[in-house]
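When a ligand or atom number is given, it counts from 1 through the structure's own listing order.
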Amino acid sequence: MYDHNQIDKKWQDKWLADGTYSAKEGTGKPKKLVLIEFPYPSGFGLHCGHLRPFAAGDVYSRFFRMRGFEVMYPMGWDAFGLPAENYAIKMGVHPSKSTAENIANAKRQVQAWGMSFDWSREINTTDPEYYRWTQWLFLQFFKAGLAFEATGHINWCPKDKTGLANEEVIDGKCERCGTLVEKREMRQWYLKITAYAQKLLDGLKDLDWPESVKTQQENWIGRSEGALIKFPVKGSAESIEVFTTRPDTLFGATYMVLAPDHELVSRMTAPGRKAEVSAYAVGAVSKTEMERTALDKEKSGVFTGAYAINPATEEEIPVWIADYVLSGYGTGAIMAVPGHDQRDHEFAVKYQLPIRKVVAQPAGVKEEPVYAGEGTLVNSGEYNFMPTSEARKHVTADFGLPKVQYKLRDWVFSRQRYWGEPIPLVHCATCGVVAVPDDQLPVRLPEVEKYEPTGTGESPLAAMESWVNTTCPKCAGPARRETNVMPQWAGSSWYYLRYSDPNNNAVFADRAKLDYWQPVDVYFGGMEHTTLHLLYSRFWNLFLQDQGLISHKEPYLRRVPHGIILGPDGEKMSKSLGNVVNPDEVVAQYGADTLRMYEMFLGPHNGIVAWTNGGIVGVRKFLDRISVFRPDPAAAPVPAIHKLIKKVSEDIESFKFNTCISSFMEFLNNNPALNQEDFESVLKLMAPFAPHLTEDRWASLGHGTSIHLEAWPVLDESKLVETEVTIPVQVMGKIRATIVIRVGASEGEAKELALREPSVSQHVAGKEIVKTIFVPNRLINFVTR
Ligand code: ANZ
Ligand code: ZN
């Protein structure tokens, strides 16, 4: 048993002191930027699940460092936002204090894992020197007209008492706390991510990301091709414009529906129907979109008393309002085609509105009451007999305009909370909204006594009169600061850029350094943030490139997701089940190398794996063998070492870490005697996985430099050729033994070796071998009598 406590600490201190893993510009080497999602420093510390992507990124980084790349493996803390603030409120400590403590604790944990992070590049999103640049970047959006203020019905979490972005609402619930989200009308700051909808789609094509992740982003952006068609309002100069993906069904539009909060509703509603219409509208806007659009939900609506003219049939059709039409999508109004749309059909049946079929199903297809597929047109005047796909083009050209529509909404970018970056804007009665000048950044988050959310729709900052009242940067008149703060996704939208130049206080990062390090080559992370952080940071990056501030379009070339680790009972690790494995305890008992190697050995990196306490002992025993291994000066070079070099190199590059570890074990079992050169090769191959022990053994073999800066073992392809084979020996067709023979051995050689095997000689004893069947390198079979 080696003393891991002593070895781990000794080398961690030395690496830090020597700057072994600090990444430098100007070395002339090709670069690799390897990124892990920087963690929230939560009060519970880091858990075993954090270690998995960190260890994967570490193995990958160390491997490329030894292969001659200039590798940057940076680390930081994503410390603003709800989790940190909620924890602080629960514990009754100020978030700035609890965040600093949590960071110190998490850092202590990570350092005990021996990751090759470049600590000189450590960042913290709550550091004013960091968020100064988050604010500055926000102002670039503001100056480009892509940050705007508007009043709208937004998602509101009643528990966290803040507005939320659409991306933060999962199945109608708050992404953070799981509370059902409400709708509230509020003044908000938005970032115009919709301006980048098409670019965000286009950029996905070239990315080496899992297909499922790309598809999720694609669906979230939700591109639909269709048409805008105007329906004149009867007896008025106004018209209702609709977005439809099925202009070919225009002749089947027998009524129209406006979203209850559509701006035309108040102007169009007949005097006698006003009370009923506005009562319905009030009820509808407080419902969530999930409740409103669910297919299985009973339809409801109210007739406005107004009529519109279907431009194709010239019929007068009634205009209704209903909650299944949303104001935020398309034009907020639809032409209803109950013959071919399920929701319209249910509505028409309920309110006895006319239903007209305008698409004939192809022959032989089972007749459906509401046919939504392709076919040929009927009841459509001159368009009859036209295939639907063709009719779409003609009807659009004759009655409307082509239109591409996206599901993506603008990003609600303000939060009514305390623990976030202040939005660096000032409201002036004379000048309007004014940006805080660059030389006055950062706008520091003031120290406050009361930081609990108010629930009134105002941030706790609004109560700080001395902070709120300021002077206008333009006219020097009295002005008020914006009191909302940024969402927790702000700091992480650009952190990977800051790593290029983390201490710069003149620009967010030096351009030459950005150009050297970016984009991120490999990004290790989870599956959770697909339509949040991964989408938001792609948007920021595309915008910054458009602004000429960076050179590259896409932030992350490759995305490598990891699976989760279940507790020893096969259940998801959770405190309530009491099955959480605390990494601190494992490190204390078995050492960092064992913990790291064990987590990788558990199974494929992207698989779901379960912790077993027995398994970790096996890994530790293997490392114990390494710790006492003595090279044998008399041992001949082992050609199989080249097979190991090839296997481990290929497997690391394709993120198959678990098979590397089994290869080490197998190699040592098959080759118990190794000379010093071969053993050193084994140590180098293992160095990315067990950095402490391999470093210690490397030193004990007389080296004065770090193994982690050594060159990766060189593969000699010529040694990969097999020199020996194992073949079965049969007697009368039954396998009795296996023998190892030289490749290309003759029948005579094989026969001699085979007959020396006791289990073979025993079966031929007292018999005559009448025939020997020998297939070179494959088998030998004796026929006896
Ligand atoms: C007529 C029609 C006939 C439609 C038909 C569909 C089938 P996607 O694919 O999701 O983009 N729609 C448009 N705006 C809407 C809104 N604000 N709220 C609710 N529904 C809305 O869906 C586009 C279709 O959804 C549009 O095409 C419209 O109904 C409806 F046989 O127009 B369709
Ligand atoms: Zn002013």
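Protein heavy atom closest to atom 1 (C) of ligand 1, with residue, atom name and distance, is T244 OG1, 3.1 Å. Protein heavy atom closest to atom 28 (C) of ligand 1, with residue, atom name and distance, is F243 O, 3.8 Å. The nearest protein atom to atom 25 (O) of ligand 1, hydrogens excluded, is given as Y329 CE2, 5.0 Å; this is a heavy-atom distance.
Interface of V337 with ligand 1, defined as ligand atoms under 4.0 Å from a residue heavy atom, comprises 1 (C), 3 (C). Listed by number with element, the atoms of ligand 1 under 4.0 angstrom from any heavy atom of Y324 are 18 (N), 19 (C). Close approach to V325 involves these atoms of ligand 1, each under 4.0 Å from a residue heavy atom: 16 (C), 17 (N), 18 (N), 19 (C). Heavy-atom proximity to S224, at under 4.0 Å, picks out these atoms of ligand 1: 8 (P), 9 (O), 11 (O).
The cationic atom of K234 (NZ for Lys, CZ for Arg) lies less than 6.0 Å from the six-membered ring centre of Y307 and within 45° of the ring axis.
A donor-acceptor pair shorter than 3.5 Å cannot be found between the side chains of W156 and Q416.
On a distance-only criterion, D341 and ligand 1 share no N/O pair closer than 3.5 Å. No N or O atom of H340 sits closer than 3.5 Å to an N or O atom of ligand 1.
Counting heavy atoms under 4.0 Å from ligand 1, residue K407 touches it through the side chain alone.
Remark: atom 9 (O) of ligand 1 lies closer than 4.0 Å to at least one protein heavy atom.
The heavy-atom pair separating L164 from C157 by the smallest distance is CD1-CB, 3.8 Å.
Proximity of Q405 to ligand 1 is not established, as no heavy-atom distance is less than 4.0 Å.
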